[in-house]
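So the structure is just underneath, and the comments pick up after that.
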Amino acid sequence: MERPIKVLVTKIGLDGHDRGARVVASSFRNAGMEVIYTSPWQKIEDVVNITLQEDVDIVAISSLAYDHLIVPKLIEALQSEGLGDKKVLVGGIIPREDEEMLLNAGVEKIFHPGDTLDSIVEYVENLMGKTSIK
């Protein structure tokens with residue numbers, strides 16, 4: 001039996017607004033994915049450790065207060081620990097002028113307010129080449 005898609009939903013930095021992250025995590029779970037959800041205010045090294053320990057497929061970062069600017073450091077830390085194959089997604093209030101920097105750093109996809117939960121789930125399923133159990 002194939003294991004479900006495993007997603008870490010987290011917030012790094014000082015942003016504590018986690019309602020959107022909780023809603024997205026719930027949508028992933030409802031689609032049959034295995035979700036590891038952390039509280040806000042995670043340090044980069046904590047996210048790397050959780051990614052390693054839980055063997056997640058995707059690291060989904062929620063940002064509402066410019067904490068997306070430290071995502072490139074997270075990606076570097078993942079790569080230095082041999083986790084460069086993990087897909088990193090970012091969602092939230094991301095200024096358009098910051099998108100190129102994030103994509104060049106290795107972010108797979110950026111989601112904005114207005115993206116539907118169904119489209120986010122569908123993107124993850126397509127990215128992983130799977131359809132979750134519904």
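- Put simply, L83 and L102 are part of the same group of oily side chains (I, L, V, M, F, W, Y) that touch within less than 4.5 Å, one to the next.
- Smallest separation of non-hydrogen atoms from V9 and A21: CG1-O, 3.6 Å.
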For residues 51-62, run the donor-acceptor check on the side chains, cut-off 3.5 Å, and write out each pair with its distance to 0.1 Å, sequence neighbours left out.
from : atom 1 : to  : atom 2 : distance (Å)
T51  : OG1    : V47 : O      : 2.7
D55  : OD1    : K86 : NZ     : 3.3
D57  : OD1    : R3  : NH2    : 2.9
D57  : OD2    : R3  : NH1    : 3.3
D57  : OD2    : K6  : N      : 2.8
S62  : OG     : K11 : NZ     : 3.2

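- Looking at D18, T10, L14, I12 one by one, the single match for side-chain contact (heavy atoms from CB on, under 4.5 Å) with P40 turns out to be D18.
- Residue-environment remark: CD (E97) exceeds the threshold of 12 foreign heavy atoms within 6.0 Å.
- Distance CG/L127 to CD/E122: 12.0 Å, rounded to 0.5 Å.
- Taking CG of N49 as the reference point, atom NZ of K43 lies at 11.0 Å (rounded to 0.5 Å).
- L117 pairs by the side chain to side chain contact (heavy atoms under 4.5 Å, CB included) definition with V23, V24, S27, not counting sequence neighbours.
- A continuous path of ILVMFWY side-chain contacts below 4.5 Å connects L78 to I36, so both sit in one hydrophobic cluster.
- For D98, the side chain to side chain donor-acceptor pair (under 3.5 Å) test picks out H68, with sequence neighbours left out.
- In this structure, the side chains of S26 and Y37 stay at 4.5 Å or more apart for every pair of heavy atoms.
- In terms of the side chain to side chain contact (heavy atoms under 4.5 Å, CB included) criterion, residue partners of K73 (sequence neighbours excluded) are, by chain and number, I44.
- Rounded to the nearest 0.5 Å, atoms CG (D85) and CD (Q79) are 10.0 Å apart.
- T38 contributes atom OG1, which lies 9.0 Å from atom CG of D46 (distance to the nearest 0.5 angstrom).
- Residues satisfying the side chain to side chain contact (heavy atoms under 4.5 Å, CB included) criterion with D67, sequence neighbours excluded, are D15, S63.
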From CA spacing to verdict: side chain to side chain contact (heavy atoms under 4.5 Å, CB included), M33, V121: CA-CA 9 Å; M33 297 179 202; V121 167; 3.9 Å; yes
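- Atom CG of L69 and atom CE of M101 lie 5.0 Å apart (nearest 0.5 Å).
- No path of Ile, Leu, Val, Met, Phe, Trp and Tyr side chains, each step under 4.5 Å between heavy atoms, connects L8 with M128, placing them in separate hydrophobic clusters.
- Residue I93 belongs to a hydrophobic cluster whose other members are L64, with links defined by side-chain heavy atoms closer than 4.5 Å.
- Closest approach of G32 and P4 over heavy atoms only: O-CB, 3.3 Å.
- Of the possible donor and acceptor atoms, one in the side chain of D115 sits under 3.5 Å from a partner among the backbone N and O of H112.
- Linking Ile, Leu, Val, Met, Phe, Trp and Tyr residues whenever their side-chain heavy atoms come within less than 4.5 Å leaves I94 and F111 in two separate clusters.
- Atom-to-atom distance recorded for I5:CD1 and K87:NZ is 12.5 Å, nearest 0.5 angstrom.
- A chain of hydrophobic side-chain contacts below 4.5 Å, direct or via other Ile, Leu, Val, Met, Phe, Trp or Tyr residues, connects V107 to V48.
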